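Below: the structure, in structure tokens.
Numbering of ligands and ligand atoms starts at 1, following listing order. All of these numbers come straight from a predicted model, not from anything done at the bench.
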Amino acid sequence: MAALAGIIGTKPFPPPAACRLCGAAGATVIGTRDRTGKALRTVICPGCGLVWTDPPLANARDYYRDDYRKAYKGTYAPKAKHVLRAGQVALSRYAAMRDFLPAPGGGGDVSILDIGAGGGEFIYLLHTLGYAVKGLEPNRGYAEYAIREYGLDLDVGFVQDADASSGTFRFVTLWHVLEHLEDPVAALGKIHSLLDPEGVLIVEVPNVEAVCQSPAGTFHEAHLFYFNSATLRELLLASGFRILSERVSGDGGNLFLAARKAPPDAPSRRAAEIRGNAERIAAVVLAHTPLRHYLTARPYVRFYRRLCRSLGEKWAVRRFPGGKALLDGLYSRAAR
Ligand SMILES: [Zn+2]
């Protein structure tokens with residue numbers, strides 16, 4: 001980890017705590033700024049390669065409950081373009097997990113819990129397809145919108161506070177949620193108890209090795225943890241799951257993983273050191289410099305795609321009659 005010494009700027013902060021995954025001490029600074037240029041210390045565990053924001057965001061729960069969507073999207077409830085975009089993302093997420101889902105109505109309810117349900121677009125899609133689905137979302141503005149607009153079964157709150165005795169689910173989905181949790185290990189323990197014995201967990205997180213975005217955009221105060229394939233896999237294995245499938249998105253930006261609960265008699269496993277993983281991640285992050293990035297076609301293709309998307313969204317939502325009507329149109333076209 002000697003290669004990281006040149007960017008260390010640790011003086012204002014106490015030494016990083018031990019790694020929440022493998023328990024190793026001696027985390028090393030891998031980033032000193034967030035995507036807006038504000039000071040933000042990001043560290044990497046030398047034992048396993050887990051990356052986290054240190055110190056973590058103060059009052060993280062208040063932030064996610066009240067301000068997160070405002071900070072991210074500039075709004076307290078989704079606007080038409082957000083609903084459209086999230087509806088399109090919901091369709092791609094359904095396609096990603098479809099191989100693991102039995103057909104709805106095929107005998108017995110397939111119960112699904114979507115944690116971090118946002119504006120409810122994904123659970124509304126599953127509901128439309130005939131699944132028994134429930135959502136959990138900490139952000140009040142988005143959760144209240146989803147309940148009001150779609151009439152969904154959605155609780156406002158954090159997974160850490162979920163009551164495992166209230167029932168179990170065959171599927172739990174975590175789309176871009178794990179990186180926001182204060183303690184992913186504890187949260188996965190709670191999710192394990194929310195799944196029935198045959199339960200399947202679907203996870204997608206940003207890939208810390210991604211180079212599709214600007215180097216300045218790698219670290220962000222709302223991301224409390226960062227994973228690569230190896231640390232995500234280790235986290236799931238140490239939380240009592242068996243891996244069914246894992247893949248990296250085409251642009252390298254996201255990691256998808258499906259896992260089933262291990263049988264009750266399976267030996268429990270503690271997270272172990274992942275040899276060479278911290279060095280691998282550090283090498284990717286430190287090599288992702290603005291000069292190299294802007295000498296590739298990636299930023300220009302990304303800009304062009306975003307511009308096209310923005311213009312397309314303006315056209316698509318020009319007669320926006322409300323989120324439900326918009327999603328009904330989108331989902332019915334996709335189902336044909
Ligand atoms: Zn570690």
Using the six-membered ring wherever Trp is involved, compare the ring planes of Tyr124 and Tyr331 and label them parallel, tilted or perpendicular (cut-offs 30° and 60°).
tilted

Keeping the roles fixed (side chain from Asn207, backbone from Gly252), state whether a donor-acceptor pair exists under 3.5 Å.
yes

Closer than 4.0 angstrom, basic N to acidic O: yes or no for Asp183 and Arg20?
yes

For His223 and His180, indicate whether the former's side chain and the latter's backbone hold a donor-acceptor pair under 3.5 Å.
no

By residue and atom, what protein N/O/S atoms are less than 2.8 Å from the Zn ion (ligand 1)?
Cys19 SG, Cys22 SG, Cys45 SG, Cys48 SG

Okay, side chain of Lys190, backbone of Gln160: is any donor-acceptor separation there less than 3.5 Å?
yes

Would you kindly confirm whether Leu188 and Ile274 end up in one hydrophobic cluster when ILVMFWY residues are joined by side chain heavy atoms under 4.5 Å apart?
no

